[in-house]
Amino acid sequence: MEEQNPYKEIEEECKNLWEKEKIYKFNVKTKKKIYSVDTPPPTVSGKMHIGHACSYSQQDFMIRFKRMRGYEVFYPFGTDDNGLPTERLVEKTNNIQSKNFSRAEFIKICMDFLKKELPNFVQDWKNIGISCDWDMTYSTIDENSRRISQWSFLDLYKKGRIYRKDAPAMWCPECRTGVAQVEVQDKEIDSYFNDILFECENEKIKIATTRPELLAACVAVFYHPEDERYKKFKGKKAKVPLFNFEVPILEDKRVDRKKGTGIVMCCTFGDQTDMEWQKAYNLPIKTAIDAEGKMTEIARKYQNLSLKDARKSIIEDLKKNNLLVSQTPIKHFVNVHERCGTPIEFVKSKQWFVKYLDLKENLLKWGKELNWYPEFMRHRYENWVNGLQWDWLISNQRYFGVPFPVWYCKECGNPIFADEKQLPVDPLKDKPLIKSCPKCNCKEFIPETDVLNTWFTSSMSPLLATVSIKDEEVKKRLFPMSLRPQAHEIISFWLFNTLLKSRLHFEKNPWEDVAISGFVTLKGEKMAKSKGNIVSPQEVMAKYGADAIRYWAASSKLGEDFDYQEKDIITGKKFVNKILNASKFTFMNLKDYKNQKPKEIKELDKLILEKLDKIIISSTENFEKYEYSRVKNEIDNFFWRDFCDNYLEIVKKRIYQNRGDEKISAQYTLYQLLFNIIKLFAPFTPFVTEKIYQDYFRENEKEKSIHLSKWPEKITEIKNEKERDKDVNKWESFLELIKMIRQEKSNSKKPMNSEIKLSIPEEQYNLFKDMLDDLKDVSNAVEIKKGIFKVEFI
RNA sequence: GGCCCUGUAGUCCAACGGCUAAGAUAUCUCGUUUACACCGAGAAGACCGAGGUUCAACUCCUCGCAGGGCCACCA
């Protein structure tokens, strides 16, 4: 790294202070109103990425505001370290395969791995200044999470929402597990349309397929009822090449006449349409693929081959027998498992499901009861609900995860459920509390070896997060939670499932507000490891500091994707530098200031204080609506333009020249301005504002951290809003006048401090009559006359 | 195919239906003044297209174009 973060020391100092003084601790005895947050637990798979840095910063702005606003903030931190992602990470890192270990061994390897890696993983979130209570952490694989997930399973079973079914389900041959609808993605892959010859009464029928390996499972051939080409085959039978068995030729409107040869083979579990046909025409069920992703015995000589190998060798055999007319290369979309990219198969297997297809209407209604920020994100949720086609498959045939609290009777297969008292339970190790099967009295039980899908657990996050709260009364006060912040790509996973669970278990929504963040792109494209366009937040922080990256994150609105540009981070770094310098300079001018109020606040000072009030009022309103980027924008302008470029320039002479009460008025104003500015910035750049607070303000102010101080409230007394607007306008036109003078100097290529004689219109002269000395100071005018605007150089 | 989001200076990104369309960065000119050259002052530079609503449209509506996303289909 060429450059070093110049603010590393400040950041370390602040982190130590926050940790030592427990600044972000949730006080269980609080009398204040609680603001509770269902923090997203990041998946433990590698390191924090820039999207995390951005979205966690954004939630932290809103939460820090609430804390300063007087709420007792409940902001825990969890890690999602349960299930497939962690299992795959451990497999990759240790170069091992879970199937070569016993379940207990592999779980131990995973837990050891987590123990070693978690502190490092979490450190990134601490480094970027996330104000969680770091004593309130949870993991989705810890004992509490296992207990709650298993309880959830038992409770849903009691409520009639859980069932087990032996049916075709989406299956990943690579991970060797059933997968849920939500875990399936589109992927474009290269393939071939193979035109294969079927035979019907000595006539050849050319059928196009991308899946020749499924020939053995062919149960029918379909064409469109209005397709003249094929009507002649109605009611006849077709002979399947290589396998030489006959299947009926049927009509169905679902056939696309334009696709391939317009006639299609139907294999039991080929795709969803195939399954619909199987049901509609009561076709036989032929299973060609087993749970290992290999061909079954119906594939005859191809049995035990992998799908890929079977396809290859069937194609070869078709060629040999002149049954393959042609191969056309195509690109098409197939469903793949989102975790590994392997095409999904439909495989008949016993799986556990949560029944929810009957709840679509309710789910839509419950979604409407949430406050969505931004509002339009609700459509994504509704879109998902409307498109649901499968009940929720919750069983995974994996090792690592939360086990089902279930055994089966050896004799009759009756499921035996664990007793709530014995949770968390591991059926591989533990025994059910009942001694014999209530149905057949058998005393032997077979443990369920599947584990619960990771979303089944993370959907309990509002409960998981409260693990450290022992007091039931306090726990109750946390629900429903105030806020669920999260990214939009998991609306259909985490948000949907959490809402569903909360309604099914408790009949109420889990939160009031949901805030959905966008993601970070690079040159308009989503960052992805596979594309190699990753920006590492660790490197960015090492170069420019945590405040810089946060300042950058604050410039994007909720729900809006935005483009990463290094120069924008540099802008953040410049800000940190600027506010440190401005503070240093301010306090150089406050050396002899004893915190007294002036007898009279000078006109100019009153105007800028009123402008500050205006900023405070609108910032507060915007923050309440989670519009943090507007807040940042406004205070940013006020800080640079009003405070640094103008007010500081105007009053430095007044202070330097020691003009009695007028000097005190300036000093009082400087103190107020800077103090409120750093408070307004505190949610955004917590490190530098803390540093300034500790160095300059702490001795006068009572709170031990700026982050515990009160959010600013207006300081000036005015009769009404109109009066303030008038005064603020006066301030703006004063700045306008200064700008004109500077313009003159610049156009005349004179230095800014060159002495001048100034003429201004009588109207302005009168308007600014109490500020003429300030005007002289800032413009270095020796005299100000009434007249047409004119700058004369001396 | 259904739905959603976004189109503003070279680039990133603001703007209750209403004054000269804001800021950052890059460019050009000037300037070291009792914090800051990681600076200051100034200049130049933009509303995707076509209709419509309105006294008034960057803003609202319709259509189109372009980019992105979610979902469905995918023999």
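Letters A, B, ... are given to chains in the order of the sequence lines, protein chains preceding strands, and every chain is numbered from 1. Heavy atoms only: backbone and side chains are in, while hydrogens, waters and symmetry mates are out.
Counting atom types as modelled, A/N386 pairs no side-chain N or O with a base atom of B/C3 as donor and acceptor under 3.5 Å.
Heavy atoms of A/E489 sit nowhere under 4.0 angstrom from any nucleic acid atom. Among the atoms of the strands shown, base atoms are found under 4.0 Å from some heavy atom of A/V255. A/K258 comes within contact range of no nucleotide atom at all, as no heavy-atom separation falls under 4.0 Å. Using a 4.0 Å heavy-atom cutoff across all strands shown, A/N589 reaches no nucleic acid atom at all.
Looking at the side chain of A/W384, the nearest of the listed nucleotides B/C71, B/C74, B/A24 is B/C71. Of all nucleotides listed (B/U25, B/C36, B/G42), B/G42 comes nearest to the side chain of A/N747. Listed candidates were B/U33, B/C13, B/C74. Nearest to the side chain of A/N753 is B/U33. Considering only side-chain atoms of A/N637, the nucleotide from B/G31, B/G23, B/A15 that sits closest is B/G23.
Between A/E732 and A/K611 there is a salt bridge, since a side-chain N of the basic residue sits under 4.0 Å from a carboxylate O of the acidic one. By the 4.0 Å N-to-carboxylate-O rule, A/D725 lies close enough to A/K614 to be salt-bridged with it. A salt bridge does not link A/R641 to A/D636: none of the charged nitrogens lies less than 4.0 Å from a carboxylate oxygen.
Using a 30° and 60° split on the angle between ring planes, A/Y230 and A/Y223 fall in the tilted class, from 30° to 60°.
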